[in-house]
Amino acid sequence: MDWDCYKRLCDSPPVFSRWMLEQTIALAQAHNLPSDQLQLVLAGRALEKPVDHIGGDATDMFTLRLELGYAQEIVDVIIRASAVGEHTPATKNRGLGGFLEAWREYAEYLQRQTDNRHSEDG
């Protein structure tokens with residue numbers, strides 16, 4: 001895969017890093033939100049990296065295919081956690097900066113997909 005294509009994919013709403021998914025799993029578990037769907041994503045295949053990519057597994061990127069309702073539940077958990085200054089062990093120094101934006105963007109992407117399907121059916 002070439003770099004331009006890889007960067008474009010990585011910047012798209014349904015693509016998340018291994019690190020963000022791992023931290024989201026920790027946050028979901030802390031809030032008793034099932035994380036099976038996220039764990040399945042991590043068990044799957046990451047995006048192909050460009051040949052000269054030097055990052056290891058920690059830089060893997062995954063395409064999500066979650067249900068809208070579940071993505072919205074994750075957004076709600078992040079909102080609640082952020083409101084009280086909660087963090088995961090790996091986000092202690094930086095907080096949950098970027099989490100809400102990424103997950104909200106993904107939920108909005110799923111909503112657009114749902115709306116498009118309904119308009120095609122109608």
Side-chain angles (χ1 to χ4, degrees):
M1 176 176 301
D2 68 53
W3 274 104
D4 287 339
C5 183
Y6 184 72
K7 287 178 185 177
R8 196 169 38 258
L9 283 171
C10 291
D11 288 339
S12 65
V15 177
F16 282 72
S17 69
R18 176 181 298 278
W19 184 85
M20 173 117 11
L21 291 172
E22 288 172 345
Q23 301 317 303
T24 301
I25 288 169
L27 196 59
Q29 290 173 341
H31 286 259
N32 297 316
L33 181 65
S35 61
D36 302 10
Q37 293 180 54
L38 296 173
Q39 291 174 5
L40 281 173
V41 171
L42 285 178
R45 188 170 171 183
L47 290 178
E48 177 187 343
K49 295 177 186 173
V51 174
D52 57 342
H53 192 288
I54 58 172
D57 290 349
T59 63
D60 287 348
M61 301 295 285
F62 296 86
T63 302
L64 302 184
R65 290 177 183 86
L66 304 176
E67 295 293 323
L68 174 59
Y70 184 64
Q72 290 171 327
E73 287 182 88
I74 293 172
V75 168
D76 293 342
V77 164
I78 295 167
I79 290 170
R80 288 194 309 272
S82 296
V84 296
E86 188 177 341
H87 53 77
T88 65
T91 61
K92 186 175 184 177
N93 293 333
R94 66 183 284 263
L96 297 174
F99 278 70
L100 183 57
E101 295 82 3
W103 280 102
R104 190 173 272 159
E105 183 180 14
Y106 180 59
E108 290 168 357
Y109 164 83
L110 290 175
Q111 185 65 60
R112 286 191 305 274
Q113 300 296 314
T114 300
D115 292 347
N116 288 341
R117 278 193 299 275
H118 287 136
S119 67
E120 290 171 1
D121 292 343

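Quick caveat, the model's predicted, so the values are computed rather than measured.
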ask   = When you look at CZ of Arg80, are more than 12 heavy atoms from neighbouring residues, nucleotides or ligands closer to it than 6.0 Å?
value = yes
Margin query: If you count every heavy atom of other residues, nucleotides or ligands that lies below 6.0 Å from Arg45 atom CZ, does the total exceed 12?
Written below: no
**Request:** May I have the step-by-step check of side-chain hydrogen bond (donor to acceptor under 3.5 Å, both in side chains) for Gln23 and Thr91, ending in yes or no?
**Result:** CA-CA 8 Å; Gln23 301 317 303; Thr91 61; 5.2 Å; no
Those residues at least two apart in sequence (or on a different chain) that pass side chain to side chain donor-acceptor pair (under 3.5 Å) with His31 are Glu86
Value for CE (Met61) from NE2 (His53), rounded to nearest 0.5 Å, stands at 8.5 Å
Only residue of Thr24, Leu27, Ile74 satisfying side-chain contact (heavy atoms from CB on, under 4.5 Å) with Leu33 is Ile74
Value for CD (Glu22) from CD (Gln39), rounded to nearest 0.5 Å, stands at 10.5 Å
Would you say Tyr109 ends up clustered with Leu47 if hydrophobic residues are merged whenever their side chains have heavy atoms under 4.5 Å apart, either directly or through other cluster members? no
Taking every heavy atom of Ala102 against every heavy atom of Phe16, the minimum-distance pair comes out as O-CZ, 3.7 Å
CG of Leu42 to CD of Gln37, rounded to nearest 0.5 Å, is 12.5 Å
- Item | Single-linkage hydrophobic cluster Ile78~Leu68, side-chain heavy atoms < 4.5 angstrom | yes
ask   = Are Phe62 and Trp19 near enough that their ring centres are under 6.0 Å apart?
value = no
Practice prompt. Please step through ring pair (Phe, Tyr, Trp, His ring centres under 6.0 Å) for the pair Tyr70 and Trp103, ending with a clear verdict.
Written response: CA-CA 11 Å; Tyr70 184 64; Trp103 280 102; 7.7 Å; no
Between the OH atom in Tyr106 and the CD atom in Gln72, the distance rounded to the nearest 0.5 Å is 11.5 Å
Quiz prompt | Check: Arg18 side chain, Leu21 main-chain N or O, donor-acceptor pair, under 3.5 Å | solution = no
Assigning hydrophobic clusters by single linkage (Ile, Leu, Val, Met, Phe, Trp, Tyr; side-chain heavy-atom cutoff under 4.5 Å), is Leu9 placed with Met20? no
CZ (Arg112) and CG (Asp115) are apart, to the nearest 0.5 Å, by 9.5 Å
With sequence neighbours left out, the residues meeting side chain to side chain donor-acceptor pair (under 3.5 Å) with Thr59 are Lys49
When every non-hydrogen atom of Val15 is compared with those of Cys10, the smallest separation belongs to CG1-CA, 3.9 Å
Taking Leu96 as the starting point, is it possible to reach Leu100 by hopping between hydrophobic residues whose side chains are less than 4.5 Å apart?
yes
Indicate yes or no for a side-chain donor-acceptor contact from Glu48 to the backbone of Met1 under 3.5 Å, with no hydrogens or angles considered.
yes
Between the CG atom in Asp60 and the OG atom in Ser17, the distance rounded to the nearest 0.5 Å is 9.5 Å
Tell me whether Glu101 contacts the main-chain N or O of Gly98 through its side chain, where contact means a donor paired with an acceptor under 3.5 Å. yes
Above 12 or not: heavy atoms from other molecules or residues under 6.0 Å from CD of Glu67?
no
